[in-house]
Amino acid sequence: MTITLENWATIAQAKQQRNLDSIPVEWRINPVESVHVMDIPATCGILTPDELKITGTPAQDLVAQTRKGVLKSYDVVLAFAKRAAIAHQLVSRDQ
């Protein structure tokens, strides 16, 4: 399909919807009215307290904790995947 001035919005909307549909249902946030969204990851209920701690930890500390066996790499990846899904929903919302 060739993108034209007339159909670009329809194509973009379909791609945005496909991206949002790829986010697991349990990771979806409710629509947000505020433009101040910095507290959403901590208040939306998707991230556990441990996942919030992981995503707020400097990378070098995560590496050290993973190396020592304090953290599992799966848990670190899951926490960041959830946080990325939250962020994606916030930046992809309709204006």
Distance check, rounded to the nearest 0.5 Å: [X] atom [atom1] versus [Y] atom [atom2]?
| X | Y | atom1 | atom2 | result |
| --- | --- | --- | --- | --- |
| L62 | T57 | CG | OG1 | 5.0 Å |
| T55 | D50 | OG1 | CG | 11.0 Å |
| Q17 | S22 | CD | OG | 10.0 Å |

| What are the two closest heavy atoms between I54 and A79, and how far apart are they? | CG2-CB, 3.9 Å
| request: Determine the minimum heavy-atom distance between I46 and K82, stating which atoms define it. | output: O-NZ, 3.4 Å
| request: State which residues pass side chain to side chain contact (heavy atoms under 4.5 Å, CB included) with P58; sequence neighbours excluded, sorted by chain then number. | output: Q60, D61
| request: Just jot down the side chain to side chain contact (heavy atoms under 4.5 Å, CB included) partners of V25, sequence neighbours excluded, or say none. | output: R28
| message | Please check: side-chain N/O of Q89 versus main-chain N/O of I29, any donor-acceptor pairing under 3.5 Å? | response | yes
Heavy atoms, side chains only, cut-off 4.5 Å: are [X] and [Y] in contact?
| X | Y | answer |
| --- | --- | --- |
| N19 | H88 | yes |
| I23 | L20 | yes |
| F80 | D75 | no |
| I86 | C44 | yes |

| Cluster overlap L47 with L90, hydrophobic side-chain contacts below 4.5 Å | yes
| said: Using the rule that Ile, Leu, Val, Met, Phe, Trp and Tyr join whenever any side-chain heavy atoms are under 4.5 Å apart, tell me whether Y74 and W27 fall into a single cluster. | reply: yes
| request: Could you walk me through whether E51 and L78 pass side chain to side chain contact (heavy atoms under 4.5 Å, CB included), step by step? | output: CA-CA 8 Å; E51 291 167 339; L78 180 61; 3.8 Å; yes
